[in-house]
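Just so it is clear, the model here is predicted, and its values are computed rather than measured. First listed ligand is number 1; within each ligand, the first listed atom is number 1.
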Amino acid sequence: MSGMAHMHAHSYPLYERFRHIMDPYWYGEGKDGESLADFGLRAARALEDEILAVGPENVAAFAAEPVQGAGGVKIPPETYWPEVQRIIDKYGILLLADEVITGFGRIGTWFASQHYRIRPNLITFAKAVTSGYIPLSGVLVDDKIVAALLAHEDDFHHGYTFSGHPVACAVALKNLEIMEEERLVPR
Ligand SMILES: Cc1ncc(COP(=O)(O)O)c(C=O)c1O
């Protein structure tokens with residue numbers, strides 16, 4: 001799903017349904033004389049342009065990292081996310097924040113979504129939930145997603161071999177307890 005082109009070598013036709021927009025990366029994409037704030041708005045409006053190009057009825061969700069990590073540690077201008085959220089709300093699509101890297105205090109709030117004041121419907125998380133000592137990952141979903149799942153007459157069939165592994169969950173709980181006790185996030 002990501003824009004990391006070297007991973008697309010393995011792609012199959014389904015992946016063509018994922019569309020990509022420009023990075024909110026002023027250093028690389030900003031124009032001469034364009035302010036950081038103006039660039040953030042322009043980068044966000046690339047989302048609206050893409051939604052209109054494919055038709056809003058064909059867009060399920062926008063997925064992004066609040067701060068890009070593996071794609072190059074690209075910190076968006078402060079104008080970027082509020083404008084993205086406005087567009088998300090306008091077209092009624094879902095927002096998926098990939099917080100695998102940014103989650104659990106990495107940028108000074110528990111989640112980067114809190115720093116940028118966005119309201120993702122889904123948040124993916126992993127790494128720092130256990131500080132990396134034991135593998136654990138997950139997806140947080142909001143009431144809208146829960147309601148859709150409950151309203152569906154069938155069960156939500158999915159599963160992973162190690163889903164809900166008690167050792168991983170115990171490590172995560174202990175890790176979060178230590179982070180809270182030592183006030184690592186505000187510090
Ligand atoms: C931002 C981001 N999202 C997703 C992933 C993939 O996570 P997982 O290995 O849990 O699928 C990574 C892995 O490094 C990542 O950095």
Visitor: If you count the non-hydrogen atoms of other residues, nucleotides and ligands that lie under 6.0 Å from CD1 in I178, is the total more than 12?
Guide: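 Atom CD1 in I178 is crowded, with more than 12 foreign heavy atoms closer than 6.0 Å.
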
Visitor: Could you list which atoms of ligand 1 come closer than 4.0 Å to a heavy atom of K127?
Guide: 13 (C), 14 (O), 16 (O)

Visitor: Is R86 atom CZ crowded by more than 12 heavy atoms from other residues, nucleotides or ligands, each under 6.0 Å away?
Guide: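 Yes, enclosed.
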
Visitor: If you count the atoms of ligand 1 from 1 in the order shown, which ones are under 4.0 Å from a heavy atom of E65?
Guide: 1 (C)

Visitor: Could you check, using the six-membered ring where one of them is a Trp, whether F104 and F111 have ring centers closer than 6.0 angstrom?
Guide: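 Yes - the distance between ring centres of F104 and F111 falls below the 6.0 Å cut-off.
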
Visitor: I'd like to know if the side chain of D142 reaches the main chain of K144, judged simply by a donor and an acceptor atom lying under 3.5 Å from each other, with no hydrogens or angles considered.
Guide: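 Side chain of D142 to backbone of K144, a donor-acceptor pair under 3.5 Å: yes, one is there.
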
Visitor: Under the 4.0 Å line, does any protein heavy atom show up next to atom 3 (N) of ligand 1?
Guide: yes

Visitor: What's the separation between atom OG1 in T79 and atom CH2 in W26, rounded to the nearest 0.5 Å?
Guide: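 If I round to the nearest 0.5 Å, the distance is 11.0 Å.
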
Visitor: Please check if a non-hydrogen protein atom sits closer than 4.0 Å to atom 11 (O) of ligand 1.
Guide: no

Visitor: Which of these, V100, T102, I101, sits in a side-chain contact (heavy atoms from CB on, under 4.5 Å) with E65?
Guide: I101

Visitor: State whether any protein heavy atom lies less than 4.0 Å from atom 8 (P) of ligand 1.
Guide: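 No, there is no protein heavy atom closer to it than 4.0 Å.
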
Visitor: Give the atoms of ligand 1, by number and element, whose distance to some non-hydrogen atom of D98 is under 4.0 Å.
Guide: 1 (C), 2 (C), 3 (N), 4 (C)

Visitor: For atom 6 (C) of ligand 1, what's the nearest protein heavy atom and its distance?
Guide: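 The answer is V100 CG1, 4.7 Å.
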
